[in-house]
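First comes the structure, then the notes that go with it.
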Protein chains: 2
Amino acid sequence: METHQERLDVMSDRMKALDYRMTPQRRAVLKVLAESREHPTVDQIYERVKTDFPMTSLATIYKTVTLLKEIGEVMELNFSGGRSRYDGFNPSPHPHLYCIRCERVTDPEIETFEGVSDELSAKTGYEIVGQRLDFFGVCPRCQGMARA
Amino acid sequence: METHQERLDVMSDRMKALDYRMTPQRRAVLKVLAESREHPTVDQIYERVKTDFPMTSLATIYKTVTLLKEIGEVMELNFSGGRSRYDGFNPSPHPHLYCIRCERVTDPEIETFEGVSDELSAKTGYEIVGQRLDFFGVCPRCQGMARA
DNA sequence: TTATCTGCAAAATGTTTGCATGCAC
DNA sequence: GTGCATGCAAACATTTTGCAGATAA
């Protein structure tokens, strides 16, 4: 498993290699994404970036995240409820565990289903490029609390 | 596997049992949902409902779909790109195959992973209530076409 | 120096809501 | 007859976009 610093360097190097400019704003967004394990929303990224770099605008967060998504350095997760979540620490497909009460997203430690993609490709003729396995439930913390 | 008519009856009976009123608009929405295998968007449901029942408003489609989702008779699928897809023919968890070019959604015939939920529950303490397994790829038809 | 990036504000998109009228029961 | 459902339009939330000025390389 990479450290946050290593992950930051990888993203940073990738952007430079593709001739994108490294601005303080982008640096701040990369840092938040590399350090976050909880799959933050754009708004949460914005709030954290502002503590380090208060001048940043929400539009820039959106533009940076969209760019990173396009070059495959960030994975976008769409759950019900409108706002997307982003994983910049581990942008490759892996299972997620979503709490339907507090909306926290965690990464459970179970194997993925690489073999299934091949089987599916052979059966359907699709060229499979990605997969998503998500589980929905109530986390231990929320089980101990009154229902909304 | 149920027929479309059986599925329509199940949804219809469920609504009546819960004391919801059966209006012509709702009947039309139920019909479209029960007959559709391609996981339509709200807009697509709206267009089809209008051919049978032109007076229906988009807001009513939203309200009906939201109601059906709440009582578990329709499953909502959030993919990247904003608009949600709905499965009223088979609202229980099952894998999906999403074409990233034409955005068509199909149901591949592979087994689900019921056992994994139990394992996950034991490991994490979550009370698992649902799961989603989606594959992303390019469908055979789109492979033969030029990239956008 | 110069093309790219930022920040602002406006626009676009998808969805929800308030309320007067209409209709299922 | 009563209360729930509809339809309209306005409100909302999130994300995207256009553009003038700023700045990384």
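This one's a predicted model, so the numbers in the text were calculated from it and none came from an experiment. Here is the naming used below: chain letters follow the sequence lines, and residue numbers restart at 1 for every chain.
- Proximity of a side-chain donor or acceptor of Thr124(B) to a complementary backbone N or O of Tyr126(B) within less than 3.5 Å is detected.
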Protein-proximity profile, nucleotides 16-25 of chain C, B/S/- by nucleotide at the 4.0 Å heavy-atom cutoff, equals BBB-----BS
Step by step, work out the salt bridge (Lys or Arg N to Asp or Glu O under 4.0 Å) result for Asp87(A) and Arg85(A).
CA-CA 7 Å; Asp87(A) 192 341; Arg85(A) 315 286 293 253; over 6 Å; no
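- In this structure, CG of Leu67(A) is placed 14 Å from P of dT17(D), rounded to the nearest angstrom.
- Residue Ser84(B) places at least one side-chain N or O closer than 4.0 Å to OP1 or OP2 of dT15(C).
- Contact check on Asp43(A) versus Arg83(A) returns no salt bridge, with no Lys/Arg side-chain nitrogen under 4.0 Å from an Asp/Glu carboxylate oxygen.
- A salt bridge does not link Arg7(A) with Asp9(A): none of the charged nitrogens is closer than 4.0 Å to a carboxylate oxygen.
- Electrostatic pairing of Glu38(A) and Arg48(A) counts as a salt bridge here, judged by a charged N lying under 4.0 Å from a carboxylate O.
- The stretch residues 47-55 of chain A has no heavy atom under 4.0 Å from DNA chain D, so no residue of it qualifies as close.
- We find that CE of Met15(B) is positioned 11 Å from C1' of dC4(D), with the value rounded to whole Å.
- Judged purely by atom type and a 3.5 angstrom limit, Thr60(B) has no side-chain atom pairing as donor or acceptor with the backbone of Thr56(B).
- Remark: the Gln131(B) side chain and the Ser117(B) side chain contain an N/O donor-acceptor pair separated by less than 3.5 Å.
- Rounded to whole angstrom, the span from the CZ atom of Arg26(B) across to the P atom of dG7(D) amounts to 11 Å.
- In this structure, Ile45(B) atom CD1 and dG14(C) atom C1' are separated by 14 Å, rounded to whole Å.
- Note: His4(A) and Phe89(A) meet the aromatic proximity criterion, with ring centroids under 6.0 Å apart.
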